[in-house]
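Below is one structure; the comments refer to it alone.
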Amino acid sequence: MRKSGPRRCSSPSSDSDVTRDDWHNRGFAADWDEAGNLVTNPDRLKQLSLLADLIAASGATQLLDLGIGSAQVESAISRRHPGFFDRCRVTGIDASEAMLELAQQRCAAEKLHCIRLIRGDFLSIDSIELVDSPDAVICVQVLHEVAHEVKRSVFAWVHQRLPPGRPFYILDRFGYPVGAWLDDWRATWNWMRSAVPEDVLEFDEYHRRYRAKADYIASVEDYRAWLEEAGFETLCPYRCFNRAIIIARA
Ligand SMILES: C[S@@+](CC[C@H](N)C(=O)[O-])C[C@H]1O[C@@H](n2cnc3c(N)ncnc32)[C@H](O)[C@@H]1O
């Protein structure tokens, strides 16, 4: 596994220390897919296994994946719950043709024939047309990529499309306060690192790198408040360092 993660792209418009993920670039997309996420997210497998269990327990039959990327999440669900996709169809939406191509390849290789892929951008989410009505929605490591007003439009859009009581699962990277807490986060990171064999980044490098990313980071509390404004009830069953799963029920 590559230690550095995918190659990073400098934002063309700003200071060269600022980096931005270039999802439309085939090389970047392939590097991201190949690198896996463990070097920068040592708990990713644990997070995906909990997400898979939550989705399986929900009895979903029409899953909508907002920001499906290269379909790694579906692969994780299928490995943990073989046969789940015999009962559940998936619509996966993503803005990046490069990521959708990787998803297509993964679905073919892993015989995940139940997945319909659609190109769509959350910046204009109202123009996305769904063929199937979802009874569960997931959005994994995507919403930090879009401005806060876009997150809120996504929440409103999902709320309009989910039947009452059905779940919307968000797994993402959130903000973490620094200052006096930095040593506590370092100790937490080192504890997370110790649980995986991968060559996880040192905390200081991770912290430096992620502070320089041109993302739209918000707190778990902000997400929950925006979801509740959109009409959802929320629960946060998993939280460790800067990652959390939020379940929002319409
Ligand atoms: C970190 S990847 C996560 C992919 C997948 N959910 C996973 O966890 O393996 C982020 C994905 O969000 C997609 N994305 C970013 N901004 C988007 C937008 N505005 N509309 C739709 N997709 C977007 C990217 O193309 C990329 O595939």
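As the structure lists them, so they are numbered: ligands from 1, and atoms in each ligand from 1. Everything numeric in this text was worked out from a predicted model, so none of it was measured.
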From atom 9 (O) of ligand 1, work out which of Arg44, Met99, His144 has a heavy atom at the shortest distance. Arg44
Regarding Arg26 and Glu97, does a basic nitrogen lie under 4.0 Å from an acidic carboxylate oxygen? no
Any idea which part of Phe122 is under 4.0 Å from ligand 1, heavy-atom wise: side chain, backbone, both or neither? both
Taking heavy atoms and a distance under 4.0 Å, where does Arg119 meet ligand 1: side chain, backbone, both or neither? neither
Can you check whether [Y]'s main-chain N or O pairs, donor with acceptor, with [X]'s side chain at less than 3.5 Å?
X: His159; Y: Gly231; answer: yes
X: Trp189; Y: Leu201; answer: yes
X: Thr188; Y: Asp184; answer: yes
X: Lys151; Y: Tyr216; answer: yes

side-chain hydrogen bond (donor to acceptor under 3.5 Å, both in side chains) with Asn41: of Gln141, Lys46, Arg173, only one passes, and it is Gln141
Check ligand 1 against [X] and write out every atom of the ligand that is under 4.0 Å from a heavy-atom position of the residue.
X: Leu123; value: 19 (N)
X: Val142; value: 12 (O)
X: Ile68; value: 5 (C)
X: Val146; value: 19 (N)
X: Gly120; value: 20 (N), 21 (C)

Should [X] be counted as touching ligand 1, given the test is an N or O pair under 3.5 Å?
X: Gly67; result: yes
X: Ala95; result: yes
X: Gln141; result: no

Would you say Asp172 and His144 are linked by a side-chain donor-acceptor pair, where the criterion is simply a distance under 3.5 Å? yes
Asp65 side chain near Ile115 side chain, heavy-atom distance below 4.5 Å: no
When you measure from the heavy atoms of Ser70 to every atom of ligand 1, does any distance fall below 4.0 Å? no
Quick one: look up the protein heavy atom nearest [atom] and list residue, atom name and how far away it is.
atom: atom 11 (C) of ligand 1; value: Asp94 OD2, 3.8 Å
atom: atom 18 (C) of ligand 1; value: Asp121 OD1, 3.5 Å
atom: atom 3 (C) of ligand 1; value: Val140 O, 3.5 Å
atom: atom 16 (N) of ligand 1; value: Glu145 CB, 3.9 Å
atom: atom 2 (S) of ligand 1; value: Trp23 CH2, 3.5 Å

Those residues at least two apart in sequence (or on a different chain) that pass side-chain contact (heavy atoms from CB on, under 4.5 Å) with Ser49 are Arg80
Return the SG to CH2 distance between Cys240 and Trp191, rounded to the nearest 0.5 Å. 5.0 Å
Distance col, row Gln160:CD vs Phe155:CZ, nearest 0.5 angstrom, shows 14.0 Å
